[in-house]
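Worksheet for the structure shown next.
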Amino acid sequence: MDFIIDAAVKAIKHLYQTDVAPAAIGLQETRKEFDGQITIVTFPFTKFSRKGPEQTGTEIGEYLLNELKEVASFNVVKGFLNISLSDEYWIAQLYNEVLPDTFAVAKPNGQKVMVEYSSPNTNKPLHLGHVRNNLLGFSVAQILAAAGYEVIKTNLVNDRGVHICKSMLAWQKFGNGETPESTGMKGDHLVGKYYVLFEKELRVQLAPVLDRIYEKNDLTLFKEGQKVKIQALLNSIDKLKVKKQATPADKTKAIDELNDKIAADEDKIKEIAKGATQLMIETQQMLQKWEAGDEAVIELWKTMNGWVYAGFAETYKQMGVDFDKFYYESNTYLLGKDIIEEGLDKGVFFKKEDGSVWIDLTADGLDEKLVLRSDGTSVYITQDMGTAQLKYNDYHMDKSIYVVGNEQDYHFKVLFLILNKLGKAGADGLFHLSYGMVDLPSGKMKSREGTVVDADDLMAEMETTAEKLANESGKIEDFPEEEKLKLFHTIGMGALKYFLLKVDPKKRLLFDPSESIDLHGNTGPYIQYTHARIKTVLRRGDYQIDDQIKITVLDALERDVVLLLTQFPDIIQAAAKDFSPALVANYVYELAKTFNKFYDKHSVLKAETETLKQFRLQLSASSAKVISQAMALLGIDVPERM
RNA sequence: GCACUCGUAGCUCAAUUGGAUAGAGCGUCUGACUACGGAUCAGAAGGUUAGGGGUUCGACUCCCUUCGAGUGCACCA
């Protein structure tokens, strides 16, 4: 559409002797209720045209009509200049732009981008939240690649720390030597089972500790600093309770707030108290042994992580996501200390008397932030600084996208700010692709309450739903068994992926496990079905590419389809710019719907003339191609028949 | 308490980044030629865009404010 923008710029120069930037011409698609395909908003030009928006629009419209052979007519409604391009133009677009193999294949733009996603802990299986993360990350990577970037997909595996020691300890204590082989369980689920057992045993051990605190006022289990903290929390709780007593019973909101605060303080006490249980003491000892390189602990750690990786590999395969490079925290958790030195030299960081290192971000509206403990060990953000450096050294990418949940918004804000202040190469290409949590109707998923939706279960359930519907339809009876199974997977995953990706990433997303994901309407299977149906027509229609343009007039529905098809490359660029698979999802749905409208109204194979039939076959083939490509950007397969 | 994010039809989501009469799907109701494949298509009902104020030719979108939901504010990761 650049030629219209250029012409409009010339029109304004010619009519009003004013230079405007091409970007100032607001082109948009004409709304359905008006004639035309392209609309220019003329309000902004009235300043220098010194005429009303209608007259301005009419003058520009007349200029375009005279200058551009592609413009067939125009109309002006208020400040909107609606332009109709000729049918010849749209037909040529289909044959010259959409049909060739080069359509929507972006030239390499010479830029490298890293997309880090998934990043699981190795102590339990993946759940619905991870599914959203994985699908988002994979899809964004696909979109960036389609937009011309060289993409590196990475997975930073959190394979060390207290949480893994918990599973390991519980397995040692209660495992009786169980293995994935001996139990037939998927490795990640087996390890997860022991994580749950650990938490269960921890609750048992925690009860008497809490009892001593609350009932007997006995804090002798704790160190001095902890005693002080607990006492302060107890005092705070007492005060809140007094306040609650004094609050009239009808002020339910105030009472709720007080209850929340009390619960928060009690949780803090619980956290400290956990540390006094035998189980947590042993866990900490195990972690220390791990850090000291104790052979037996390392051996167990390797074995159990190995089980988890085998399980994850299966889940990733099922989900259809993959990675070019794995990073492991066990290799990166000590990184970042050299950057601390660098920051101190540059005066970006400062040291306190106790030796801890900080950065002052108050000028940027944030707080002071610790970057190195007084004992000289790293914190989370130190590691992340180091890992960022490591990744940059490995790949020298222009951009780096972190697909991580929105509860870490603050962390990444700080991290990026620090790297910028340090003047690190690539620091201005950092982006946190923050996404909202997946909520259940009952609220947040909580492993403690057993309300976690397991990724493997969910995928299996989606396939079952697809199988049921496919069998009911009676259309697949003659399919070989193998094709059936593949189809159930394609449809089930299509439904799940589309469901999760069509929503703007940053929004929270509600998922009701009791209602299986829909397969009708605005869904993945609807689009897959559209594709399969087109393919059947093409199989029967003796379709071959023929670039002799023989028809000259388009029906409105045909034009709608062509118009949408030509927008595909722009959609890819927009989605790449915003890192938003939702844009692609909404586009491909719109395309499928528009095609279905056309398909319902007009017959392809029984078109009035042979040339019209050939044209409609080309149109159908192009639509199938774009649907298939767009779905691939979402990581969704489309079947030939279903 | 402070900071950030969000609030659109009964439900789940859109809205070309400030543009026209706010659009889809699900659900509800009514229709579709012996189907180029009915996992489809056509139609009806459903909205004070959480409330109030402001900015301007124009506001779901930007600013202020109130209300509501969520998240974050460790020498944990």
Side-chain angles (χ1 to χ4, degrees), chain A residues 26-34 39 41 43-44 46-47 52-53 77-80 82 121 158 160-163 261 268 271 329 333 352 354-358 365-367 370-381 383-384 405-411 413 434 436-437 439 443-444 466 469-470 472-473 475 491 495 499 502-504 506-512 515 518-523 525-530 532-538 540-541 567 570-571 574 578 582-583 585-587 589-590 593 596-597 599-607 613 616 620 641-642:
Chain A
L27 272 200
Q28 51 189 289
E29 200 180 329
T30 304
R31 289 202 155 219
K32 284 272 182 320
E33 58 267 37
F34 301 101
T39 293
V41 184
F43 288 110
T46 54
K47 268 182 245 130
V77 182
K78 291 192 265 182
F80 300 92
N82 302 320
N121 292 345
N158 186 4
R160 66 163 286 280
V162 188
H163 49 283
K261 281 183 187 167
K268 282 181 195 162
E271 280 309 308
E329 276 196 25
Y333 80 109
K352 289 193 177 174
D354 62 1
S356 58
V357 180
W358 297 72
L366 307 175
D367 304 319
L370 177 91
V371 293
L372 195 74
R373 291 194 192 102
S374 52
D375 65 5
T377 57
S378 312
V379 290
Y380 182 36
I381 201 150
Q383 280 180 48
D384 267 6
N406 63 9
E407 68 272 16
Q408 297 205 36
D409 284 356
Y410 187 78
H411 171 75
K413 213 175 188 176
S434 162
M437 336 216 124
D439 287 321
K444 212 181 146 182
L469 191 77
E472 278 169 11
S473 79
K475 290 176 192 167
I491 296 174
F499 178 81
K502 76 170 179 193
V503 182
D504 183 348
K506 69 170 180 284
K507 290 204 176 179
R508 297 169 57 204
L509 192 143
L510 192 84
F511 176 78
D512 189 346
E515 262 175 63
D518 222 310
L519 306 178
H520 302 270
N522 185 358
T523 67
Y526 168 88
I527 298 162
Q528 291 172 322
Y529 176 76
T530 305
R533 213 163 51 165
I534 295 173
K535 284 297 190 169
T536 305
V537 174
L538 294 179
R540 294 189 191 169
Q567 289 170 359
D570 294 340
I571 296 291
D578 288 356
L583 290 178
N586 289 323
Y587 166 78
Y589 171 65
E590 193 63 34
K593 205 163 60 132
N596 280 336
K597 247 180 223 187
Y599 178 87
D600 184 69
K601 191 98 177 190
H602 302 293
S603 178
V604 175
L605 298 181
K606 291 177 195 154
K613 174 180 159 185
R616 286 184 178 162
S620 302
R641 49 182 195 154
M642 65 189 270

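Just so it is clear: chains get the letters A, B, ... in the order the sequence lines come, proteins before strands, and each one is counted from 1.
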What's the gap between [N] and [M] when it is taken at their [atom1] atoms, as a whole Å value?
N	M	atom1	result
B:U61	B:G70	P	24 Å
B:A15	B:G72	C1'	30 Å
B:A74	B:U66	P	25 Å
B:U49	B:G23	P	13 Å
B:C60	B:G18	C1'	11 Å
B:C41	B:G25	P	8 Å
B:U12	B:U17	P	27 Å

So which protein nitrogen or oxygen atoms get under 3.5 Å of nucleotides 3-5 of chain B's nitrogens or oxygens?
none

Name the nucleic acid region contacted by [X], choosing base, sugar-phosphate or nothing; use a 4.0 angstrom heavy-atom cut-off, strictly under.
X	value
A:N82	base
A:A574	nothing
A:E29	base
A:R540	sugar-phosphate

Close N/O contacts between protein and nucleotides 12-14 of chain B (under 3.5 Å):
residue : atom : partner : partner atom : Å
B:C13   : OP1  : A:L510  : N            : 3.1
B:A14   : OP1  : A:D504  : N            : 2.6
B:A14   : OP2  : A:K507  : NZ           : 3.1

Q.
Looking only at side-chain N and O atoms, does A:T523 offer a donor or acceptor that is under 3.5 Å from a partner on A:D518?
A.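 Note: A:D518 and A:T523 side chains miss the donor-acceptor criterion.
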Check whether any side-chain N or O of [X] sits under 3.5 Å from a backbone N or O of [Y] as a donor-acceptor pair, and report yes or no.
X	Y	value
A:R373	A:S378	yes
A:D600	A:N596	no
A:R616	A:S603	yes

Write down the distance between [atom1] ([X]) and [atom2] ([N]), rounded to a whole number of angstrom.
X	N	atom1	atom2	value
A:K613	B:C36	NZ	C1'	10 Å
A:K535	B:C36	NZ	C1'	16 Å
A:K268	B:C76	NZ	C1'	14 Å
A:H411	B:C76	NE2	P	15 Å
A:Y529	B:G25	OH	P	16 Å
A:L583	B:U16	CG	C1'	9 Å
A:D518	B:G27	CG	P	6 Å
A:Y599	B:A42	OH	P	14 Å

**Q.** Pairing partner (Watson-Crick or G-U wobble, both distances under 3.5 angstrom) of B:U40
**A.**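 Partner of B:U40: B:A32.
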Q: Identify the nucleotide, in any strand shown, that forms a Watson-Crick or G-U wobble pair with B:U8, with both distances under 3.5 Å; if there is none, say none.
A: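 Checking every strand shown, B:U8 finds no partner, since no pair has both distances under 3.5 Å.
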Are [X] and [Y] close enough that some pair of their side-chain heavy atoms sits under 4.5 Å apart?
X	Y	answer
A:Y529	A:L519	no
A:V371	A:W358	no
A:L509	A:F499	yes

(Q) Within 90° of 0 counts as syn, otherwise anti: where does B:U5 fall? (A)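 B:U5: anti.
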Nearest to the side chain of [X] - [options]?
X	options	result
A:N596	B:C36, B:A77, B:C41	B:C41
A:Y589	B:U40, B:G37, B:A24	B:A24
A:D600	B:G72, B:C41, B:U40	B:C41
A:K597	B:A42, B:G25, B:C75	B:A42
A:Y526	B:C75, B:U40, B:U16	B:U40
A:W358	B:U71, B:G37, B:C75	B:C75

(Q) Tell me the closest heavy-atom pair linking A:R160 and A:E329, and the distance in Å. (A)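 In terms of heavy atoms, the two residues are closest at CD-O, 3.8 Å.
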Protein N or O to nucleotides 21-23 of chain B N or O, pairs below 3.5 Å:
residue : atom : partner : partner atom : Å
B:U21   : OP1  : A:K78   : NZ           : 3.1

Q) With the sugar-phosphate defined as primed atoms, P, OP1 and OP2, and the base as all remaining atoms, what B/S/- string results for nucleotides 60-65 of chain B, 5' to 3', for protein heavy atoms under 4.0 Å? A) ------
Q: Please figure out whether A:V162 or A:S473 has its closest RNA chain B nucleotide nearer the 5' end.
A: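 Going by which nucleotide is closer to the 5' end, it is A:S473.
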Q. A:I381 or A:K606: which one's nearest nucleotide on RNA chain B is closer to the 5' end?
A.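 Looking at the nearest nucleotide for each, A:K606 comes out on the 5' side.
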Ring pair (Phe, Tyr, Trp, His ring centres under 6.0 Å) involving [X] - partner list, sequence neighbours excluded:
X	result
A:Y380	A:H411
A:Y589	A:Y526
A:H163	none
A:H602	A:F598

Q: State which residues pass side chain to side chain contact (heavy atoms under 4.5 Å, CB included) with A:D504; sequence neighbours excluded, sorted by chain then number.
A: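 In terms of side chain to side chain contact (heavy atoms under 4.5 Å, CB included), with neighbours along the sequence ignored, A:D504 is linked to A:K506, A:K507.
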Q) Listed by chain and number, what are the salt bridge (Lys or Arg N to Asp or Glu O under 4.0 Å) partners of A:E472, not counting sequence neighbours? A)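 A:E472 satisfies salt bridge (Lys or Arg N to Asp or Glu O under 4.0 Å) with no other residue.
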**Q.** All salt bridge (Lys or Arg N to Asp or Glu O under 4.0 Å) counterparts of A:D384, not counting sequence neighbours
**A.**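 So A:D384 forms no salt bridge (Lys or Arg N to Asp or Glu O under 4.0 Å) with any residue.
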Q. Residues in side chain to side chain donor-acceptor pair (under 3.5 Å) with A:N406, at least two apart?
A.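 Once residues adjacent in sequence are excluded, A:N406 has no partner under the side chain to side chain donor-acceptor pair (under 3.5 Å) criterion.
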